[in-house]
Amino acid sequence: MVMKKIMNSADSFCDEMLEGIYLAHGDKVKALDGDLRVLVRAGSPRAGKVGIVTAGGSGHLPVFLGYVGEGMLDACAVGNVFASPSASKMQKMIEHADQGSGVLCLYGNYGGDNMNFDMACEFADIQGIKTAQIRVCDDVASAPLENAEKRRGVAGMIYAWKIAAAAADKMMSLDEVTAVTRRALGNIRSMGIALSPCIVPQAGKPTFEIAADEMEIGMGIHGEVGIEVSKMKSADEIVTLMMDKIVGDMPLSEGDRIAVLVNGLGGTPMEELYICYKAITEYVEDIGAVIDSRYVGEYATSMEMAGMSITVMKLDDELSELLDHPASTPFFTNLNM
Amino acid sequence: MVMKKIMNSADSFCDEMLEGIYLAHGDKVKALDGDLRVLVRAGSPRAGKVGIVTAGGSGHLPVFLGYVGEGMLDACAVGNVFASPSASKMQKMIEHADQGSGVLCLYGNYGGDNMNFDMACEFADIQGIKTAQIRVCDDVASAPLENAEKRRGVAGMIYAWKIAAAAADKMMSLDEVTAVTRRALGNIRSMGIALSPCIVPQAGKPTFEIAADEMEIGMGIHGEVGIEVSKMKSADEIVTLMMDKIVGDMPLSEGDRIAVLVNGLGGTPMEELYICYKAITEYVEDIGAVIDSRYVGEYATSMEMAGMSITVMKLDDELSELLDHPASTPFFTNLNM
Amino acid sequence: MNRMTGNDILEIFKFIEVEMRENSSHLIHLDSFGGDGDLGISMCQGFRGIIEELSNLDLSDMELKDVFLKAAMAINEYSPSSLGTILCAGMIGGAKMIGTESESFSVRYRNFVAGALDGIMQRAGSKRGEKTILDAIGGALDALEKSIASGDSPEDAVQAASSGARDGMEATKDMIAVHGRAAYRKENSRGYVDGGATVGMLIFKAVSEYVVGN
Amino acid sequence: MNRMTGNDILEIFKFIEVEMRENSSHLIHLDSFGGDGDLGISMCQGFRGIIEELSNLDLSDMELKDVFLKAAMAINEYSPSSLGTILCAGMIGGAKMIGTESESFSVRYRNFVAGALDGIMQRAGSKRGEKTILDAIGGALDALEKSIASGDSPEDAVQAASSGARDGMEATKDMIAVHGRAAYRKENSRGYVDGGATVGMLIFKAVSEYVVGN
Ligand SMILES: Nc1ncnc2c1ncn2[C@@H]1O[C@H](COP(=O)(O)OP(=O)(O)O)[C@@H](O)[C@H]1O
Ligand SMILES: Nc1ncnc2c1ncn2[C@@H]1O[C@H](COP(=O)(O)OP(=O)(O)O)[C@@H](O)[C@H]1O
Ligand SMILES: [Mg+2]
Ligand SMILES: [Mg+2]
Ligand SMILES: [Mg+2]
Ligand SMILES: [Mg+2]
């Protein structure tokens with residue numbers, strides 16, 4: 001596989017993408033103090049609201065920065081493709097997002113992001129800013145349940161952000177926001193498959209190859225190896241094995257209400273995602289559970305990687321209400337749902 | 001290139017996709033009289049409103065059916081991948097969409113769709129339903145200006161639908177809707193490039209190949225050959241040659257206000273689309289024109305094809321107002337813009 | 001074979017369907033030069049659709065005209081691609097001209113083909129010489145006229161039509177496409193045979209093989 | 001080489017940067033087994049960043065501790081990947097322990113390396129034997145201790161550290177990764193050398209070459 005990207009240079013890839021985003025959505029988001037790598041909402045922060053921030057590498061649009069906006073995140077620090085941003089950028093972002101009620105740092109569980117957020121929160125502490133950290137560890141394929149805190153964070157982040165941001169928007173305290181977000185994460189599981197690799201612009205070639213008739217089950221969104229390599233299967237078989245793994249980790253029973261996110265990794269057409277959604281409804285119906293909310297589309301990608309992930313969130317009344325709370329960013333809204 | 005799709009069978013591809021869509025969005029859209037291939041809004045049609053309908057092949061999500069919804073289309077007949085639906089399905093859809101004020105059939109200029117809509121409108125005539133037809137011919141790469149009526153319809157359809165549907169929503173008459181849509185189309189031009197082919201499930205292999213270091217300039221959304229095959233170029237060069245072609249066909253002058261749609265064909269990551277958007281803003285700024293509205297994302301795809309298209313619509317006050325009119329479908333909304 | 005029934009028509013459609021199936025990849029290949037490569041698929045679907053619809057009817061007493069009208073709607077329903085729709089228009093046009101049993105097989109066949117040519121030209125806004133199925137149909141029509149003028153038998157007529165269609169198809173090789181997706185290739189559309197014309201040739205071939213064999 | 005200035009440190013970073021550049025594809029390759037393959041890129045960026053930042057400062061009179069604190073913030077800013085951040089933590093830890101000119105080169109070097117090891121363990125929650133850069137650093141530290149115990153010269157000390165780091169790196173081949181993305185491979189992470197440990201080895205190699213050459 002040869003790299004074929006519409007870009008000017010690998011080194012300018014992220015900054016030009018960011019400039020494009022600020023040019024397109026300058027009425028909604030802005031670069032904090034002109035720093036392209038710290039994206040915040042365009043308006044001024046709401047006094048007293050708990051700040052919800054995230055950070056992570058580029059190459060996952062609309063993750064991460066695409067979820068900054070009304071009813072969603074307050075700020076996002078942006079790294080290079082698949083790499084964490086620095087602690088100092090996170091610190092600036094936390095400082096901006098703090099409106100006196102503290103800041104929740106809600107991000108995917110990756111080594112670089114973890115350490116940088118740790119440092120940034122130590123800096124923030126010194127400045128007297130109250131912070132909390134939650135690492136999203138939703139990928140059931142990446143570690144067994146007894147090591148759940150080692151799991152990678154994947155598309156489950158979107159539900160975590162949605163819940164946390166809605167709670168903050170309702171003016172809950174930092175402790176309350178943190179508690180409900182942790183509860184949501186206890187109810188969130190994801191699992192992915194990959195059909196093709198993707199290429200980091202600065203690397204110029206894929207970090208792995210997948211045979212033409214094979215797929216990687218449980219692959220991470222940066223191409224981290226999964227559970228097993230298997231021959232291609234039918235959509236129904238794929239959904240069954242993914243849902244088996246999710247439900248094996250977080251049992252679903254008759255009458256449970258759930259939200260489902262069928263996420264395209266970038267190269268997989270939307271047509272195929274809806275074929276999967278159909279199979280999921282059948283799987284869930286067999287259990288007797290009910291799908292109350294669904295997102296189908298590209299919510300967390302790995303550039304051109306082909307593949308998809310399924311995320312399930314078990315709902316209760318509070319989580320449902322927070323999920324339905326209006327959200328509107330340039331990349332994500334539930335106003336049309 | 002070998003076919004690798006998440007599906008159950010090529011023959012069930014479209015119907016399973018449609019079932020998934022009805023299952024996911026059953027509160028917004030429904031299958032008319034249970035016919036999966038005729039998708040209409042879930043609510044009952046508004047009395048006296050001009051109906052706006054379209055039809056076309058599958059494989060282009062969110063085109064075509066994704067634009068059925070509030071402030072947008074009333075109905076869509078759905079064909080197999082890259083193939084027109086039948087005249088009888090179109091006729092059923094027209095009949096449903098007619099609320100006494102007539103129906104505008106607004107679709108892309110392709111042989112099969114043209115003939116079937118012709119037949120369907122003849123049938124509708126016999127039933128006493130007033131219809132008008134407009135074929136979208138926005139792809140400047142597909143024929144010279146003097147044969148503009150031979151051009152293919154590509155992503156410019158989205159603007160055409162947006163304008164026509166907003167006009168109908170404002171209760172304009174069929175003649176008025178038709179007139180403003182024609183005027184809009186006079187101001188709409190598109191141009192695309194492709195970096196990789198796509199595979200029709202039932203064909204099982206691509207209809208063409210593109211060398212690893214080459215791209216097809218002006219390729220159609222079904223892989224129809226373009227203007228020329230060229231070595232890969234930088235994003236800035238690609239945007240310049242596309243915009244040159246668009247502006248060569250529809251001159252832009254200082255002070256002109258435009259809407260721009262940067263559309264991903266399916267396999268191209270959103271990051272690259274924003275890099276292109278940045279280049280477009282620079283191109284437009286050099287002319288002295290102003291971008292008043294922009295859509296960046298996957299609006300009209302060719303399954304997994306990599307590539308992108310640019311669409312420009314020159315605005316006036318009426319077109320701007322119609323463009324801004326609220327629209328909300330499961331796949332498209334401007335409520336967050 | 002002088003008296004044709006609706007059942008013969010159904011059998012002929014089965015012969016045609018076999019041709020489409022056996023030549024499916026070739027048709028896909030031809031349609032890929034300038035088109036979208038779906039021709040092999042859509043034709044199989046279309047003719048299978050006709051067979052399915054007609055198989056549900058009692059054809060023995062049905063007028064041939066009505067059989068073709070049913071077939072026309074079926075091919076459009078099952079294969080509403082360009083060529084499916086064109087064949088629909090062709091069958092409607094042919095049905096209008098097929099006349100009654102008072103005429104000989106060859107005359108009815110000639111009239112049907114002439115009506116089909118006309119129906120397509122009107123629906124599709126095209127004419128012979130533009131690298132389409134019309135060139136195959138036109139070639140068949142020319143050959144039929146000649147064959148009838150020299151008083152040939154039904155068997156000779158269908159064979160003449162078949163080879164005329166093949167000539168018409170082959171002539172498309174040097175033509176420039178002006179309709180359909182292939183037209184976007186302009187000068188570059190020269191040099192290969194048109195897929196739709198090949199479908200036309202296969203249809204006349206199937207008719208000939210059925211009639212000669214029965 | 002008994003007296004080191006900030007300028008020497010900058011020169012050493014230049015040596016390191018060359019190593020990273022020359023071994024970039026090898027590092028990408030190693031990081032691809034279990035990681036995301038960005039190691040070669042991020043290390044080049046990180047050390048280039050350090051060089052850029054330090055080049056803007058008057059280093060001649062700066063305490064080594066402060067030079068390393070600047071370098072630590074720079075590598076995190078320019079390469080905030082896992083390993084960039086780990087090296088940041090390492091340099092902060094080392095800077096705390098580097099002491100003053102009253103001590104010999106070898107002792108300061110040993111103390112710096114020990115501080116770095118500690119700093120990383122605290123920040124990253126890891127320890128030796130877990131297939132990370134810590135194994136290279138630990139190998140260097142062991143060798144340094146021995147070298148100092150036997151009263152070796154600065155040249156001997158840096159060479160000992162370099163070969164100790166290489167041994168530590170090589171030992172990672174048989175280890176199972178428990179940190180970072182490679183940990184997802186579990187048993188399968190055995191059998192290849194850790195990319196981060198290789199970076200560690202290259203750093204000690206560059207220090208050795210600079211010190212021996214000056
Ligand atoms: N206007 C036309 N008149 C007659 N035949 C046409 C016309 N346009 C296309 N055709 C025929 O249809 C064939 C293509 O059919 P098909 O593959 O179904 O088209 P599409 O895939 O574009 O819908 C061409 O090879 C040509 O013979
Ligand atoms: N917790 C840890 N402690 C020490 N070293 C670590 C730890 N996690 C990862 N590493 C080192 O970092 C290297 C990977 O660095 P890098 O490629 O920057 O990671 P990533 O791309 O995942 O951010 C590994 O080879 C390992 O040596
Ligand atoms: Mg995509
Ligand atoms: Mg896509
Ligand atoms: Mg075709
Ligand atoms: Mg890495």
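- Of the inter-residue distances, the one linking L195(A) atom CG with K5(B) atom NZ reads 10.5 Å to the nearest 0.5 angstrom.
- Summarising the geometry, atom OH belonging to Y274(A) is positioned 2.5 Å from atom NE2 belonging to H25(B); distances are rounded to the nearest 0.5 Å.
- Closest heavy-atom contact between R294(B) and A24(A): CD-O, 3.2 Å.
- At a 4.5 Å heavy-atom cutoff, the contact between H60(B) and chain A is made by backbone atoms alone.
- Neither the backbone nor the side chain of L18(A) comes within contact range of chain B, judged by heavy atoms closer than 4.5 Å.
- Looking at K28(A), the atoms closer than 4.5 Å to chain B (heavy atoms on both sides) all sit in the side chain, from C-beta outward.
- Remark: the backbone N or O of S328(A) is not paired with any side-chain donor or acceptor of N336(B) at under 3.5 angstrom.
- Among L61(B), V2(B), D15(B), the residue making the largest number of heavy-atom pairs under 4.5 Å with chain A is L61(B).
- For the pair T333(B)/T333(A), a side-chain contact is recorded, criterion being any heavy-atom separation below 4.5 Å from C-beta on.
- With E271(A) contributing its side chain and M17(B) its backbone, the two residues share no donor-acceptor pair below 3.5 Å.
- No other option in A306(B), G66(B), A212(B), C276(B) has as many heavy-atom pairs under 4.5 Å with chain A as A212(B).
- Ranked by heavy-atom pairs shorter than 4.5 Å toward chain A, the options K4(B), E16(B), K278(B) are led by K4(B).
- The closest side-chain heavy-atom distance from I291(B) to L23(A) is not below 4.5 Å.
- For E282(A), the CD atom is densely surrounded, since the number of other residues' heavy atoms within 6.0 Å is greater than 12.
- A donor-acceptor distance shorter than 3.5 angstrom exists from the side chain of N8(A) to the backbone of D236(B), with no hydrogens or angles considered.
- At a 4.5 Å heavy-atom cutoff, S12(A) makes no contact with chain B through either its backbone or its side chain.
- With rounding to the nearest 0.5 Å, the separation of CE in M232(B) from CD1 in I6(A) is 6.0 Å.
- Inter-residue side-chain proximity for F13(A) and E272(B) is flagged as met; some heavy-atom pair is nearer than 4.5 Å.
- Contact of I238(B) with chain A is made through the side chain alone, with heavy-atom distances under 4.5 Å.
- Environment of NZ in K205(A): sparse, with no more than 12 heavy atoms of neighbouring residues, nucleotides or ligands closer than 6.0 Å.
- If you measure heavy-atom distances from I210(B) to chain A, the contacts under 4.5 Å come from both the backbone and the side chain.
- In this structure, chain B has a heavy atom under 4.5 Å from the backbone of E214(A), while its side chain stays farther away.
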